[in-house]
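Down below is the structure, laid out as structure tokens.
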Amino acid sequence: ELMSEKLENVSNSLLNGKIPSFWIFYSYPSLKPLASYITDLKIRLAFFKNWLDEGPPPVYWISGFFFTQSFLTGTLQNYARKYVIEIDRLQFDFEYLEEETNDYSKSIVTREQSQHTDPEDGALITGLFLEGCKWDFENKVLAD
């Protein structure tokens, strides 16, 4: 036998431009075809590599996280520790800032590129997707 069944499934998926199920088991969920998935994965890896090499980014690409809830919980924990408040008593408050980029391939915002300074508390994010509503740019509110 030249190839195991698992390796043959990976090979067939690659030939058909699909993400191998073996990869998906260890990956973030994605419905993208293989080429788009690889592009997305490379951007995600570059985002985290930049974070490791350069320190925390000025703007976090929230849709690049596999488990967004852990990032949000960590943000609350940092605030709770700083001000000695029980985390269960905290809730998020949001402020809309003008978008730095709408180009998905430029999801990594470096300190040199950022037009924003680090907030005293909280985090600046980009890449938030809305479902069931739209953003009213004129009034800076959610709309039907």
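When a residue number appears, it is its place in the shown sequence, counting from 1. Small disclaimer: the values here were computed from a predicted structure and weren't measured. All heavy atoms count here, side chains included; hydrogens, waters and symmetry mates do not.
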TODO: Flag yes if more than 12 heavy atoms outside Asp53 fall under 6.0 Å of its CG atom; otherwise flag no.
DONE: yes
- [ ] Begin from the C-alpha positions of Leu7 and Phe22 and carry the test side-chain contact (heavy atoms from CB on, under 4.5 Å) through to its verdict.
- [x] CA-CA 9 Å; Leu7 190 54; Phe22 178 71; over 6 Å; no
What is the minimum heavy-atom distance between [X] and [Y], and which atoms define it?
X      : Y     : answer
Leu34  : Pro20 : CD1-CD, 4.4 Å
Val59  : Phe47 : O-CE1, 4.3 Å
Asp118 : Pro58 : OD1-CA, 3.8 Å

Joint hydrophobic cluster, [X] plus [Y], side-chain heavy atoms closer than 4.5 Å:
X     : Y      : answer
Tyr28 : Phe25  : yes
Ile87 : Phe92  : yes
Met3  : Leu15  : no
Tyr96 : Leu130 : yes

Task: Pairing residues for Asn139 by the side-chain hydrogen bond (donor to acceptor under 3.5 Å, both in side chains) criterion, not counting sequence neighbours - done: Asp136
Task: side-chain contact (heavy atoms from CB on, under 4.5 Å) evaluation trace for Trp135 with Lys140 - done: CA-CA 7 Å; Trp135 183 254; Lys140 297 184 180 180; 3.8 Å; yes
Nearest-0.5 Å distance, [atom1] of residue [X] to [atom2] of residue [Y]:
X     : Y     : atom1 : atom2 : value
Ser27 : Leu41 : OG    : CG    : 6.5 Å
Thr68 : Ile62 : OG1   : CD1   : 5.5 Å
Tyr60 : Phe65 : OH    : CZ    : 7.0 Å
Ile38 : Leu14 : CD1   : CG    : 8.0 Å
Arg44 : Trp61 : CZ    : CH2   : 5.5 Å
Leu31 : Ile24 : CG    : CD1   : 8.5 Å

Open item on the list: I want to know whether Phe66 and Phe71 have ring centres closer than 6.0 Å.
Closed with: no
Task: Mutual orientation of the aromatic rings belonging to Tyr79 and Tyr83 [parallel < 30°, tilted 30-60°, perpendicular > 60°] - done: tilted
Task: salt bridge (charged side-chain N to carboxylate O under 4.0 Å, His left out) partners of residues 63-84, not counting sequence neighbours, each pair once - done: Lys82-Asp121
Task: Flag, side chain of Ser13 to backbone of Asn9, donor-acceptor distance under 3.5 Å - done: yes
